[in-house]
Novice: 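So that we are looking at the same thing, I have put the structure below in structure tokens.
Predicted model only: the values in this text are computed from it and were never measured. Chain letters run A, B, ... following the sequence lines, proteins first, then strands; residues in each count from 1.
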Number of protein chains: 2
Amino acid sequence: MNHMDWNAYAALCPTRQALDRIADKWTVLILGLLCDGPMRFNAIRRRVEGISQKVLSQTLKSLERDGLVVRTAYPTVPVTVEYAITPIGASLADTVTPLRRWAEENIESILRARRAYDQAEVQMADAAFNSPIQR
Amino acid sequence: MNHMDWNAYAALCPTRQALDRIADKWTVLILGLLCDGPMRFNAIRRRVEGISQKVLSQTLKSLERDGLVVRTAYPTVPVTVEYAITPIGASLADTVTPLRRWAEENIESILRARRAYDQAEVQMADAAFNSPIQR
DNA sequence: CCGCATCCTTACCGATACTG
DNA sequence: CAGTATCGGTAAGGATGCGG
């Protein structure tokens with residue numbers, strides 16, 4: 001069975017799990033950082049604003065488990081730990097970077113649509129309030 | 001302020017919210033479907049295996065709010081509702097499709113890495129059990 | 001410095017029932 | 001057909017403290 005037979009729309013397809021793993025808040029950001037070079041735990045923590053130590057730890061661990069990053073611990077005191085991206089991780093980063101760029105380029109349009117939508121919603125609510133008999 | 005000034009690594013940057021919205025399990029799949037043409041609610045529901053009616057409803061609503069899809073209701077009995085992708089939604093789908101493909105092409109490698117990792121883990125656990133004094 | 005363990009709160013999600 | 005409303009379980013995530 002080669003990869004042409006798979007489709008992420010099937011519930012049990014492992015591809016679905018892969019997608020789920022990729023599609024979390026932090027993976028995209030972390031991979032984006034690491035493809036510029038290896039980085040230490042707290043350095044990543046500082047760069048990715050808002051991530052907690054616990055969640056960063058979990059995320060890095062699962063990235064390592066999937067072979068997307070490698071963890072190297074140097075026996076210094078205190079211990080130094082470096083995370084680096086793997087070739088396969090880099091290939092993922094390549095496909096995921098455009099996504100981050102898209103978000104940066106299109107956020108204004110999204111915010112505009114959002115305001116328009118919310119405005120239309122309150123107007124509907126007002127109309128319903130002013131002529132409740134219509135309901 | 002143009003989009004060059006934004007970066008998703010800042011916690012308060014709206015780009016971050018955009019990324020969070022994109023990066024959920026279902027958005028990628030739904031956009032992928034809709035860029036082949038408009039589709040009705042239950043048709044989407046059937047194609048995206050495992051999604052509940054509630055979550056599909058929520059997801060479509062927020063996609064509409066962000067201007068990524070448009071909802072059209074035809075006054076038939078019973079009502080017919082069609083969801084179509086917008087130009088900006090299509091541009092997102094274009095950057096997100098490679099991601100789905102990446103998942104399909106690399107899942108085997110990921111599963112292999114995962115097995116290796118888990119195996120190494122139980123070996124560590126065994127070693128600890130067999131010579132607890134070492135810990 | 002780099003985590004893991006614990007507690008605790010919150011947000012998500014499925015199941016179910018009901019409307020137009 | 002295409003939803004909305006409500007309830008209850010579960011799992012994610014923040015806060016804190018400890019250990020190698």
Novice: So which heavy atom on A73(A) is nearest to which on V79(A), and how close?
Specialist: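 So the minimum-distance heavy-atom pair works out to CB-CG2, 4.3 Å.
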Novice: For G67(A) versus I88(A), what's the shortest heavy-atom pair and its separation?
Specialist: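 So the minimum-distance heavy-atom pair works out to O-CG2, 3.2 Å.
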Novice: Does DNA chain D take part in any stems of at least 3 consecutive Watson-Crick or G-U pairs (both distances under 3.5 Å), and if so, which ones?
Specialist: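 The stems that DNA chain D takes part in, listed by first number, are C:3-20 with D:1-18.
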Novice: Mind running a 4.0 Å heavy-atom check of residues 34-41 of chain B against DNA chain D and sending the residues that fall below it, in number order?
Specialist: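 Contacting residues: R40(B), F41(B).
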Novice: How would you label the contact of R71(B) with the nucleic acid (heavy atoms, under 4.0 Å): base, sugar-phosphate, or nothing?
Specialist: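 Since only primed, P, OP1 and OP2 atoms lie under 4.0 Å of R71(B), the category is sugar-phosphate.
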Novice: Indicate whether OP1 or OP2 belonging to dA2(D) is found under 4.0 Å from a side-chain N or O atom of S57(B).
Specialist: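 Answer no for this pair, as no side-chain N or O of S57(B) is under 4.0 Å from OP1 or OP2.
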Novice: Could you check whether N106(A) and S109(A), counting side-chain N and O atoms only, form a donor-acceptor pair closer than 3.5 Å?
Specialist: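 Per modelled atom types, S109(A) and N106(A) side chains form no pair under 3.5 Å.
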Novice: Scan nucleotides 13-18 of chain C nucleotide by nucleotide, 5' to 3', and note B when protein non-hydrogen atoms come under 4.0 Å of the base, S if they reach only the sugar-phosphate, - if neither.
Specialist: BBB---
Novice: Where do V69(A) and L60(A) come nearest, in terms of heavy atoms and distance?
Specialist: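 So the two residues come closest at CG2-O, 4.0 Å.
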Novice: Could you check whether any side-chain heavy atom of R100(B) comes within less than 4.5 Å of a side-chain heavy atom of L29(B), counting everything from C-beta outward?
Specialist: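 Touching, per the 4.5 Å side-chain cut-off.
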Novice: Rounded to the nearest 0.5 Å, what separates atom CZ in R16(B) from atom CD in E104(A)?
Specialist: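 Reported to 0.5 Å precision, the distance equals 11.0 Å.
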Novice: Closest nucleotide of DNA chain D for Y83(B) versus for P78(A): which of these residues is on the 5' side?
Specialist: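 Mapping each residue to its closest nucleotide by heavy atoms, the 5'-most match is Y83(B).
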